[in-house]
Undergrad: 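Below you will find the structure I want to go over with you.
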Amino acid sequence: MQKTNEQPDNSQEAAKQAQEEKKQRRLRLLEAALYVAGRPLTLNELCSVLSTRSKNKTAKYLKLLMDEYSARNTALEILALKDERYVLQLKADFTPLVKKLVNRPLLSSGPLKTLSYIAYRQPVPQKRVIQARGQHAYGHVKLLRDMGLVAAERAGRSMTLRTTDYFADYFGLTHDTSTMKRELKRIFGEATRTES
Amino acid sequence: MQKTNEQPDNSQEAAKQAQEEKKQRRLRLLEAALYVAGRPLTLNELCSVLSTRSKNKTAKYLKLLMDEYSARNTALEILALKDERYVLQLKADFTPLVKKLVNRPLLSSGPLKTLSYIAYRQPVPQKRVIQARGQHAYGHVKLLRDMGLVAAERAGRSMTLRTTDYFADYFGLTHDTSTMKRELKRIFGEATRTES
Amino acid sequence: MSTAVRKPFYLRPPWNILFELNKLEKLKPWNVNISYLLRSFLSEMEHTGKVDFRASGVALDSSALIYLMKSKLLLTLQEPPPPPKPPPDFIPPPLFLPLRHELTSTTIQNLLDVLDEVLKGEKLNRLDKVVSQPVLPAVTDLLPQFDAFLAELEARMQTLYELLLEKVKGAGIIEFSTIIKGADRIEAVRTFILLLFLAQEAKVSLWQNEETEELYIAVGNLNVAKDERTTR
């Protein structure tokens with residue numbers, strides 16, 4: 001008898017628990033997706049991870065996950081970028097402290113300068129990049145192409161360089177070149193202002 | 001009067017809080033290190049992140065971090081491996097669900113070819129690698145060394161190349177060189193038997 | 001009397017460089033335009049109407065010295081100063097990558113897939129194993145102008161030397177004024193410079209009479225007794 005009496009409570013409890021488990025499952029899936037990708041994912045990509053077509057639903061779970069991360073004491077953060085994209089990354093103030101452990105090149109400032117020059121001037125003839133950055137920039141361009149951050153197009157005998165979508169993703173910039181260049185000008189403008 | 005009475009409590013409280021902050025800072029540093037490395041880190045590497053020589057101390061904080069992760073509902077886990085190594089990784093059951101988002105190769109095909117050659121012939125003189133792969137392989141070797149996949153040893157005027165523990169970790173091979181070579185030869189052997 | 005006190009024009013810049021040898025040694029020879037200096041020196045002298053052979057001689061000697069300095073620098077392959085650079089392009093500051101952990105898709109299978117090709121490449125490379133020697137550009141490619149200059153110099157020196165031998169009939173002394181009789185100033189300067197090169201190769205020896213300012217050229221194996229008037 002006791003059992004029957006408890007049934008409504010139990011089922012309510014069970015439903016609630018099932019709901020909570022479902023929610024947790026979705027949050028963990030989104031977390032897993034953002035972790036393995038290591039790049040900004042679009043809302044569409046994240047919808048497909050949850051096997052749903054509802055952008056609203058996915059955005060709602062993403063909001064919950066972001067809140068969870070910001071409430072927790074952690075070195076990681078989840079950011080919402082423009083164009084409905086989301087990224088999981090290390091908080092910037094930890095970067096200099098653990099940089100040496102990263103097994104990826106492109107941390108020295110030489111190639112990074114060449115990269116920012118290409119991003120700023122793109123599409124730019126390779127010749128001009130070498131003129132501006134010196135002979136060693138041939139090596140930088142090679143490295144940047146190998147890393148998939150820069151793409152080259154042959155135009156007659158010369159080569160034109162531009163940044164890739166992967167580059168834009170890495171820096172949380174928009175994919176549209178002209179908008180991206182405006183964004184970069186603003187960033188560089190700020191950087192040079194503080195430098196001078 | 002009240003103030004004087006409260007003073008011991010206050011300073012005690014402050015000391016406790018400072019202690020807690022210090023602990024949190026260390027946990028976050030370890031988390032940041034494991035996150036960006038994306039590979040198992042040795043206790044020594046983790047000690048250097050905390051700027052301490054005490055392995056005990058570092059291991060104690062790692063235990064706290066591991067407990068924190070396992071208590072939390074998360075898609076990630078921190079594991080202690082043998083040989084005093086620690087890794088932050090995605091829980092295995094999430095892998096198939098988000099694998100499709102991983103679309104970026106470790107290396108572009110040129111450097112990958114050079115890596116496969118070094119793995120197959122190791123320990124191999126750099127000179128031989130260049131002979132087999134061409135002049136551009138100098139750049140590949142540089143990249144592979146920068147990425148920590150290949151290590152170089154100077155032997156007189158020449159350079160001998162071999163793969164690193166990171167290489168073994170990445171491809172799920174054992175660290176023991178001779179066993180690994182047997183593994184590799186077996187795998188490579190199977191793959192190339194048809195060729196000869 | 002004021003003219004006696006006033007410094008001759010050639011002790012003023014820019015010609016003074018030809019008359020202050022201690023300064024000359026500290027100069028970069030590439031910064032000295034010999035042609036301009038000598039032309040303007042001659043026209044200035046023409047303008048003032050005071051022909052001073054002694055000053056001309058010193059000017060020639062200094063010019064030849066500068067010429068020699070340039071030649072020596074070319075021989076040691078010092079490059080002439082590069083053309084001025086265009087104003088630098090704006091180089092934005094480096095973009096530092098935010099750190100993210102990113103799983104990559106390369107598997108051991110991928111490694112195996114490329115290995116096959118690599119081992120084939122290794123075999124091919126062994127077949128046509130060519131001993132590659134470092135390819136250095138030919139000297140003539142590097143220094144075409146220098147080569148032409150040297151050849152020209154050698155030819156002119158030889159011509160002058162033959163002329164001198166002919167004039168002294170094998171061995172003897174001849175005056176500089178005899179050699180340049182009828183020649184214009186530029187030709188005289190050229191001849192003088194060539195004489196300096198010949199003297200440097202010990203084919204001739206030169207000395208000057210301080211009173212007459214005549215320059216004597218000794219050609220061939222002459223046992224000339226040197227006296228205190230002997231100058232270079």
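Numbers restart at 1 for each chain; the letters A, B, ... are given by sequence-line order, proteins then strands. Computed over heavy atoms, backbone and side chain alike; hydrogens, waters and symmetry mates excluded.
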Undergrad: By a 4.5 Å heavy-atom criterion (distance strictly below it), what part of C:N110 contacts chain B: side chain, backbone, both, or neither?
TA: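 When you check distances to chain B, atoms from both the backbone and side chain of C:N110 fall under 4.5 Å.
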Undergrad: Sort out for me which of C:V118, C:V114, C:T106 touches chain B most, counting heavy-atom pairs under 4.5 Å.
TA: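 The residue among C:V118, C:V114, C:T106 with the greatest pair count is C:T106.
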Undergrad: In terms of side-chain geometry, is the basic nitrogen of C:E117 or C:K120 positioned less than 4.0 Å from the acidic oxygen of its partner?
TA: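 No salt bridge links C:E117 with C:K120.
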Undergrad: Does B:K23 pair with B:E20 as a salt bridge, N-O distance under 4.0 Å?
TA: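 B:E20 and B:K23: salt-bridged.
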Undergrad: Which residue, B:N44, B:D169, B:T42, forms the side chain to side chain donor-acceptor pair (under 3.5 Å) with B:R85?
TA: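 Among B:N44, B:D169, B:T42, the one that satisfies the side chain to side chain donor-acceptor pair (under 3.5 Å) with B:R85 is B:D169.
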Undergrad: Assess the residue pair B:Y166 and B:R39 against the criterion (side-chain hydrogen bond (donor to acceptor under 3.5 Å, both in side chains)); give the C-alpha distance rounded to whole Å, side-chain angles, the decisive distance to 0.1 Å, and a yes or no.
TA: CA-CA 7 Å; B:Y166 172 52; B:R39 62 181 164 97; 5.9 Å; no
Undergrad: Let me know if B:L107 has heavy atoms under 4.5 Å from chain C in its side chain, its backbone, both or neither.
TA: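 Interface part for B:L107: backbone (N, CA, C, O).
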